[in-house]
Amino acid sequence: MSETIQAVRGMNDVLPGESTAWQILERVARETFIEYGYREIRLPLLERTELFKRSIGEYTDIVEKEMYTFDDRGGDSLTLRPEATAGIVRACIGNGLLHNQRQKLWCTGPMFRYERPQKGRYRQFHQIDVEALGFPGPDVDAELIMMSARIWRRLGLSGLSLNINSLGTPDSRRTYRGKLVEYFRDHASVLDEDSRRRLDGNPMRILDSKNPAMREIVAGAPLITDHLDPESAGHFEELRRQLDAVGVRYEVNPRLVRGLDYYTRTVFEWITTDLGAQDAVCSGGRYDGLVGQLGGAPAPAIGWALGEERVVELMRLQGQAGDESAPHVYLALAGAAAESAGLALAESLRDAVRGLRIETNCGGGSFKSQLKRADRSGARYAIILGDDEVARQVATLKPLREAVEQRQVPLDGLAGEMKRVVATSGGVQD
Ligand code: ATP
Ligand code: MG
């Protein structure tokens, strides 16, 4: 036997028993986006490496050590997208979508980061991403957050809490940055290696350090909320007022800076205590400088991304992962004539009964083994067709989950029976 081939580390298969929850999440998100007037955009998984260097920032974990970057056969440096925002901005600029227009967009799919794989942290993971480009806020900031809150409600999730903060403008940040550098220089001896490097490059990134040893020094650092320019402070206040007005609860967390360089003003993160260390399920923020930084006419923008693996795990833990859709009926076929009539019979029932889930026995097998498969499929009924029944134009309808006698039904009466079965079974779960 040949050796088996392993999947790539940190890259998961979503197995059939798990995919229902993914479908529910993606359907709920899609329906919500449509209801708020957001439209889908689909983008390549590969972008020029330059795009991420220029947007995410050189002194970030992603660009420093997490990107899947390679030269293609023509010698161009390409990178598997580690996040969606940069690609969306690139696409909007390149396709003229921001010429006298604003855009409310969403996008979903796999992202790639070379991180240390662990629970809730993978090398290929999936995001659902939403962006509003051309809107200065704070109304749209509030709308985006309300939309995420609605998605949690629709998924039946609880225990999620919202942290918000404002990072101000690049100008007010410069002042704050000076204060921060001063503070961290005074404590340079206790900084870890990453933080020391970032002290010159981007000291705010130190606040986002994942190293527990840095917690104490970070806790004593000056607060950005004490150094906001008046306009950003007003923007932040209005955002809070809008959230209060619809009862979306939040906590102002002045330490929240977010992992990417491009954020300005509003940043936020939904966290949970149910998932252990990987507690952020959805994060986002405003990035008013990014469109200009990537060569477009300057336009304010904001977006968020949720991590599907983490949300699906939360759905599973909270019993909201849905049921797999078992077939309503399993069609067992005993004999050559029945086998040759079976697929056509199933097709005619599907034509007649919208939503009927009927699984046809494929590949033959003894009557006994077919009934075993029928049982294992989770179906409520088996339709049994033998050669003798084909000749008489009848089938046997056998309940598999109730103590009710099986009975014979004329083939042309089966559709009516199946309509009743569908009507009395729970709706399709996804
Ligand atoms: P974290 O702090 O957990 O590293 P992040 O700040 O890097 O998250 P973002 O870049 O804002 O995350 O991505 C948005 C969301 O995507 C996160 O809130 C999280 O749910 C999810 N996510 C990020 N990285 C991963 C990963 N490696 N594996 C699984 N999900 C991830
Ligand atoms: Mg990260």
Side-chain angles (χ1 to χ4, degrees), residues 8-14 18 22 25-26 29 52 55-57 59-68 79-88 106-131 144-145 148 151-152 155 157 160-165 167 194 198 202 204-212 214-215 218 253 255-263 266-287 290 302-317:
V8 179
R9 197 164 119 78
M11 305 204 177
N12 300 316
D13 306 311
V14 176
E18 302 159 349
W22 288 75
L25 169 58
E26 285 164 9
F52 302 114
S55 56
I56 296 170
Y59 293 94
T60 56
D61 280 348
I62 292 181
V63 170
E64 280 181 337
K65 48 194 181 196
E66 295 175 358
M67 295 205 302
Y68 279 90
T79 294
L80 277 166
R81 64 179 183 193
E83 55 102 48
T85 307
I88 290 175
W106 67 274
C107 161
T108 183
M111 307 293 155
F112 303 85
R113 297 183 193 174
Y114 195 81
E115 302 199 68
R116 191 171 69 76
Q118 52 197 293
K119 194 166 164 42
R121 192 174 294 288
Y122 309 104
R123 289 182 173 171
Q124 175 178 308
F125 61 100
H126 298 76
Q127 287 185 342
I128 295 176
D129 186 276
V130 50
E131 313 282 344
L144 280 171
I145 292 174
S148 59
I151 290 174
W152 311 140
L155 291 172
L157 295 178
L160 286 160
S161 41
L162 173 63
N163 279 316
I164 61 174
N165 192 20
L167 302 181
D194 272 348
R198 285 168 181 174
N202 185 350
M204 280 183 57
R205 308 244 17 82
I206 302 174
L207 299 177
D208 203 29
S209 169
K210 293 260 184 324
N211 180 358
M214 297 293 301
R215 214 163 279 158
V218 164
N253 175 359
R255 306 265 167 231
L256 181 65
V257 294
R258 307 279 304 110
L260 294 76
D261 271 3
Y262 51 57
Y263 289 114
T266 309
V267 288
F268 56 93
E269 196 159 77
W270 286 95
I271 52 176
T272 169
T273 50
D274 290 355
L275 294 178
Q278 271 49 259
D279 60 355
V281 295
C282 174
S283 350
R286 175 161 286 285
Y287 49 94
L290 185 58
I302 180 168
W304 57 246
L306 69 76
E308 290 196 71
E309 280 79 0
R310 295 184 194 175
V311 175
V312 162
E313 176 63 5
L314 206 55
M315 290 166 70
R316 195 185 65 73
L317 289 170

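Order of listing sets the numbers, starting from 1, for every ligand and every atom in it. The structure presented is a predicted model; accordingly, all values stated were derived computationally and were not measured.
Nearest-heavy-atom check against atom 19 (C) of ligand 1 across P82, S283, A280, A305 picks out A280. Among R113, Q127, E83, the residue whose heavy atom lies nearest to atom 12 (O) of ligand 1 is R113.
Ligand 1 lies within reach of E115, whose nearest heavy atom is under 4.0 Å from it.
R113 places a side-chain N or O within 3.5 Å of a backbone atom of P82 that can act as its donor or acceptor partner.
Taking only nitrogen or oxygen atoms, main chain and side chain alike, R121 reaches within less than 3.5 Å of ligand 1. Residue F125 has no nitrogen or oxygen atom sitting less than 3.5 Å from a nitrogen or oxygen atom of ligand 1, judged on distance alone.
Applying the side chain to side chain donor-acceptor pair (under 3.5 Å) test between E309 and each of K119, H126, Q124 identifies H126 as the sole match.
Sorted by first and then second residue, the salt bridge (charged side-chain N to carboxylate O under 4.0 Å, His left out) pairs involving residues 267-281 (not counting sequence neighbours) are R258-E269.
Judged purely by distance below 3.5 Å, without hydrogens or angles, the side chains of Y287 and E131 pair a donor atom with an acceptor atom.
Near G307, with a cut-off below 4.0 Å to any heavy atom, the atoms of ligand 1 are 15 (C), 16 (O), 20 (O), 21 (C).
Qualifying salt bridge (charged side-chain N to carboxylate O under 4.0 Å, His left out) partners for R198, counting only residues two or more places apart in sequence or in other chains: D61, E64.
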